[in-house]
Amino acid sequence: MFTTTPFSAWDLKPGLQQGLVNMGWEFSTQVQKDTIPLAIDGRDVIGQARTGSGKTAAFGLPTMNACQPIGKLQALLLTPTRELANQVAEEMNTIQGDNGLTILTVYGGTDLEKQARNLAKGVDIIVGTPGRVMDMCERGHIDLSSPSIFVLDEADRMLDMGFFPDIMWVIEKMTARKQTLLFSATFPQEIIDAANEFMNDPEFVLTNTEKLDIPPIDQYSVRIGRANKLWVIGRLLCRMNDEDQTLVFANTKRMVDLLVQRLNKHRFNVEGLHGDLNQNQREKIIGKFRNGDSKIVIATDVAARGIDVDGITLVVNYDVPDDVDNYVHRIGRTGRIGRKGEAWTLVGRDDIPQLNKIIATHSLEIIESEAPDLPEGIDRDPVKLQEDNGEAADVFGMVPIKVETTSFSKLGLSDLLLASLKCPEIAIGDIIINVDHSVVEVHNRHASLAVRALNSKDLSASIINN
Ligand code: ADP
Ligand code: MG
């Protein structure tokens, strides 16, 4: 992860060097090594590197190096989300130590007038989201003709979220722009095309143009029906120790809410994160997660964008993601810089094709596994295992049961089942008598009882899982 090139090798201001020393950062990461010297020289740079590889400092350091603490806007940094704007500003503030640069965030969902008053006191660097920056510019609170440095973080997500027209609007107003830095985990062709229009002979530092970088973590899948996904989560969560943090992904807001409810009921302290929460609630939850006060967050893909929490050692896919790239974005939340991590994906029968597609697309190694054992010292499952034949059932809910007998006719077997289950006739499906055994179909609701009833008559029955 780290290179052998120390930050001290570069011509950074003493204040910044001291800031890095204070943080205990000595060696640069690959993307930092490849881009920082170019950016210090004033070149335009396009940097691609996987999530968690240190892109923030790669653009943050050269940007701060070029700015003076004079209260005049010298650099504008745009990010796709408010959370990310906060993270970038925070990281830059930590790195700058006593440099005295005023770095302010500008984003929607918070009091515009208050932001305007802060800006009016003097600002050197703005980190913002496109919409609010445009708004503040039109109202005269931000003078876009002032900054000479322009930075775009997570350019691919900006494109996804439809921000490119806004970005072009901003760029046109930045008449003093001398240097442009673009950073992203992926560079779709549209971005490269756009970049060529507004950048000046940019230097490409691309690690991997084709596929997303896969973090070096252990990946597992557990084949499990819906009814018992929570049981597996219970097993996974009770293995965690005090420093570990977990991010669980679900595909819908509703599922996030349900999981929060049910896990809280099982005495796990979890928080949910999705797009229906307002800005304050989201920031509070992310803040608590980042400083370690909360250990487990359940989130949708969109809500988890840009979450950068170093303590995340476990990512769980409660649902298999619908989008193949989202799998990599999700697991990229763990294994950040030199940490070990695990990703577990819970896979129902109907999810298998999607998981196979994900594996094939990114050439992944995902180990098929059972749910982990209970850790030493814990002898009870946090969530009880339920009887579940749903995985064996067909689309009509019929479960095939193998019966080790050939001495009954179809009618005989059907009568026997109807009598012992006291179920409606429709709950019994096809019955096949083979040479050495028979197969009866019974509706999911009655299948376990049917197995017990047949076994009690010494007919040795078992559910056929395929
Ligand atoms: P990216 O933007 O590429 O996803 P970040 O910039 O968020 O990655 O960096 C990931 C983590 O690594 C952050 O917590 C950051 O503080 C830390 N980090 C970055 N560069 C270094 C470095 N050279 N030494 C130590 N930690 C670093
Ligand atoms: Mg980043």
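Computed over heavy atoms, backbone and side chain alike; hydrogens, waters and symmetry mates excluded.
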Shortest non-hydrogen contact from [X] to [Y]?
X: Leu112; Y: Asp135; value: CD1-OD2, 3.6 Å
X: Pro130; Y: Met158; value: CG-SD, 4.1 Å
X: Ser409; Y: Ile433; value: C-CD1, 4.2 Å
X: Leu182; Y: Ala155; value: CG-CB, 4.4 Å
X: Thr105; Y: Ala85; value: CG2-O, 3.7 Å
X: Asn444; Y: Gly390; value: ND2-CA, 3.7 Å

Step through the shown structure and confirm whether more than 12 heavy atoms of other residues, nucleotides or ligands are within 6.0 Å of [atom1] on [X].
X: Glu365; atom1: CD; answer: no
X: Glu370; atom1: CD; answer: no
X: Asp193; atom1: CG; answer: yes
X: Ile426; atom1: CD1; answer: no

Spacing of [X] atom [atom1] and [Y] atom [atom2] [to the nearest 0.5 Å]:
X: Asp257; Y: Asp276; atom1: CG; atom2: CG; value: 7.5 Å
X: Ser369; Y: Asp218; atom1: OG; atom2: CG; value: 11.0 Å
X: Phe183; Y: Thr79; atom1: CZ; atom2: OG1; value: 15.0 Å

Does a donor on one side chain sit under 3.5 Å from an acceptor on the other, for [X] and [Y]?
X: Asn326; Y: His329; result: no
X: Tyr327; Y: Gln354; result: no
X: Asn389; Y: Ser448; result: yes
X: Thr110; Y: Gln115; result: yes
X: Tyr107; Y: Asn86; result: yes

Side-chain heavy atoms of [X] within contact of [Y], under 4.5 Å:
X: Cys423; Y: His443; value: no
X: Ile167; Y: Phe150; value: yes
X: Ile233; Y: Val383; value: no
X: Ile298; Y: Leu263; value: yes
X: Pro382; Y: His266; value: no
X: Ile95; Y: Leu20; value: yes

State whether Glu83 and Arg290 are salt-bridged, where the test is any N-O pair (Lys NZ or Arg NE/NH1/NH2 against Asp/Glu carboxylate O) under 4.0 Å.
->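 No, this pair does not count.
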Carboxylate-amine/guanidinium proximity below 4.0 Å for Glu391 and Arg226 = no
Could you check whether any side-chain N or O of [X] sits under 3.5 Å from a backbone N or O of [Y], counting only pairs where one atom can act as donor and the other as acceptor?
X: Thr3; Y: Thr5; result: yes
X: Asp351; Y: Val320; result: no
X: Gln96; Y: Leu16; result: no
X: Arg235; Y: Pro372; result: yes
X: Lys402; Y: Ile464; result: no
X: Glu283; Y: Asn280; result: no
X: Ser184; Y: Phe187; result: no
X: Thr129; Y: Arg82; result: no
X: Thr35; Y: Val31; result: yes
X: Ser438; Y: Thr406; result: no

Kindly determine whether Ile463 and Val451 satisfy side chain to side chain contact (heavy atoms under 4.5 Å, CB included), including the steps that lead there.
-> CA-CA 7 Å; Ile463 285 168; Val451 170; 3.8 Å; yes
Evaluate side chain to side chain contact (heavy atoms under 4.5 Å, CB included) for Cys238 paired with Leu374, printing each intermediate quantity in order.
-> CA-CA 8 Å; Cys238 69; Leu374 281 171; 3.9 Å; yes
Taking it one step at a time, do Thr300 and Asn251 satisfy side chain to side chain donor-acceptor pair (under 3.5 Å)?
-> CA-CA 6 Å; Thr300 56; Asn251 286 357; over 6 Å; no
What do the steps show when you test Glu342 against Arg239 for salt bridge (Lys or Arg N to Asp or Glu O under 4.0 Å), and what is the final call?
-> CA-CA 12 Å; Glu342 283 183 8; Arg239 290 160 76 228; 3.4 Å; yes
Give me the one residue out of Ile401, Leu449, Ile428, Val403 that meets side-chain contact (heavy atoms from CB on, under 4.5 Å) with Leu417.
->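 Among Ile401, Leu449, Ile428, Val403, the one that satisfies the side-chain contact (heavy atoms from CB on, under 4.5 Å) with Leu417 is Ile428.
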Only one of Glu243, Gln245, Lys288, Glu271 passes side-chain contact (heavy atoms from CB on, under 4.5 Å) with Lys295; say which it is.
->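 Per the side-chain contact (heavy atoms from CB on, under 4.5 Å) rule, the option paired with Lys295 is Gln245, out of Glu243, Gln245, Lys288, Glu271.
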Salt bridge (Lys or Arg N to Asp or Glu O under 4.0 Å) between Lys55 and Asp153, intermediate numbers included | CA-CA 8 Å; Lys55 294 190 289 294; Asp153 190 17; over 6 Å; no
Before giving the answer on side chain to side chain donor-acceptor pair (under 3.5 Å), spell out for Thr94 and Glu91 the whole-Å C-alpha distance, their side-chain angles and the decisive distance to 0.1 Å.
-> CA-CA 5 Å; Thr94 318; Glu91 172 139 339; over 6 Å; no
Walk me through it: do Asn317 and Trp344 pass the test side chain to side chain donor-acceptor pair (under 3.5 Å)?
-> CA-CA 6 Å; Asn317 295 312; Trp344 288 74; over 6 Å; no
